[in-house]
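Written below as structure tokens is the structure these notes are about.
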Number of protein chains: 2
Amino acid sequence: MDRTDTSLIALRRILRATELYGRDLARDAGLTAVQLRVLQIVAEKGHSTPTEIATRMGVSQATVSVLIKKLEGFSLLERHKSLADRRQTDLEITRTGRAKVDVAPDALQQRYVAQFEALPDWEQSMIVAVLERVAGMLDASDMPAEPVLTTGDILRHDQPG
Amino acid sequence: MDRTDTSLIALRRILRATELYGRDLARDAGLTAVQLRVLQIVAEKGHSTPTEIATRMGVSQATVSVLIKKLEGFSLLERHKSLADRRQTDLEITRTGRAKVDVAPDALQQRYVAQFEALPDWEQSMIVAVLERVAGMLDASDMPAEPVLTTGDILRHDQPG
DNA sequence: TTCTGATAGTTCAACATGCAAAGTAATAAT
DNA sequence: ATTATTACTTTGCATGTTGAACTATCAGAA
């Protein structure tokens, strides 16, 4: 097997592991992966808008609208009319929503961070260089990098809400 | 920004670019991303089974069964009883199905392969080593501490002797 | 002011995805 | 022969996704 195949397989393992593990984490929180992702985006800054979420997730506004409705029904988010521009809906995460996000941290964070930080210095540097190289190869369009969630305590409460 | 954040951002760029671009490619072929993925798996060897597809994709057999039915309806796949074990269904890709896969190649393939193969030998080796390392960090549930990479691994990878 | 066009968001119909549970059929084990 | 296991399908139900149609708001032009 040549190196091209080997690297493709490794990439697919990364994609698959992240997807499957993300599903598990969401289920632990009593949410679906997509719902949790919406909540995480709002949680980053504590507030957001449907348009921002749609852009970040790569889905339509219509889709986001439905998801938000659901999360609002769970009392994890609140909708308010924006004062600056009354067309906009300002989304705010609730205390309950914040708790969910803390309980079900980002899949990559949970699996990756601890291991990465345990690596020797030179290896961390190498990984960063390669990942950025590969990311550049894949996302031709220069998109703004997503901000990183701040890592809180990683706790596991296997309790649906 | 520290290296942990940098590497997480790069990883997310990889995940996002692959997902969004995969959706676009599938739509160009008149299929959904999931349907195309099934077709690609069958196309690899020209045939497959529902169980293999379910395992590879990380979904249940029931889900695969529905997808296959759909693809069969489009005349992209054919179902045959396996002769060796009549419980098994042997899936064969049709000429039409093969054409679809050729037109809408794998998202990673299309964006990644040409660029990867243009890289110098040492950089290809480095990428392979890092991607496998990261994949191992993400997809191993038991995590039996694979030996840490050494420069020797990189240099010796894919070399004679 | 009023008109026009653009923007932000929602709703609805229709279809896709995903799974558990129940069922069929064939094989393996005893 | 009987039982258990394996491979797969079907069905019912919840969720995800979008385009199209709609409301509301804003921004600019006449």
Legend entry - Full working for salt bridge (Lys or Arg N to Asp or Glu O under 4.0 Å) between E44(A) and R56(A): CA-CA 12 Å; E44(A) 276 175 23; R56(A) 293 271 299 273; 2.8 Å; yes
Inset, instruction - Pick base, sugar-phosphate or nothing for T49(B), based on heavy-atom distances below 4.0 Å to the nucleic acid. - result: sugar-phosphate
Legend entry - E123(B) bridged to R133(A) by N-O distance under 4.0 Å: yes
Legend entry - Salt-bridge present (R79(A), E92(A); N to O < 4.0 Å): no
Legend entry - Whole angstrom value for the distance that separates P of dA25(C) from CG of D90(B): 21 Å
Legend entry - Interatomic distance, I68(B) CD1 vs dC8(D) P [rounded to whole Å]: 8 Å
Legend entry - Closest to side chain of T32(B), choosing from dG9(C), dA8(C), dT17(C): dT17(C)
Counting just side-chain N and O atoms, does [X] come under 4.0 Å of either OP1 or OP2 of [N]?
{"X": "K70(B)", "N": "dA16(C)", "value": "yes"}
{"X": "R79(B)", "N": "dT9(D)", "value": "yes"}
{"X": "K69(B)", "N": "dT10(D)", "value": "yes"}

Inset, instruction - Indicate yes or no: at least one non-hydrogen side-chain atom of I93(B) is less than 4.5 angstrom from one of E78(B). - result: no
Inset, instruction - Please state whether the base of dT25(D) and the side chain of R86(A) form at least one donor-acceptor pair under 3.5 Å? - result: no
Legend entry - Sub-4.0 Å heavy-atom contacts from residues 59-67 of chain B onto DNA chain D, ordered by number: Q61(B), A62(B), S65(B)
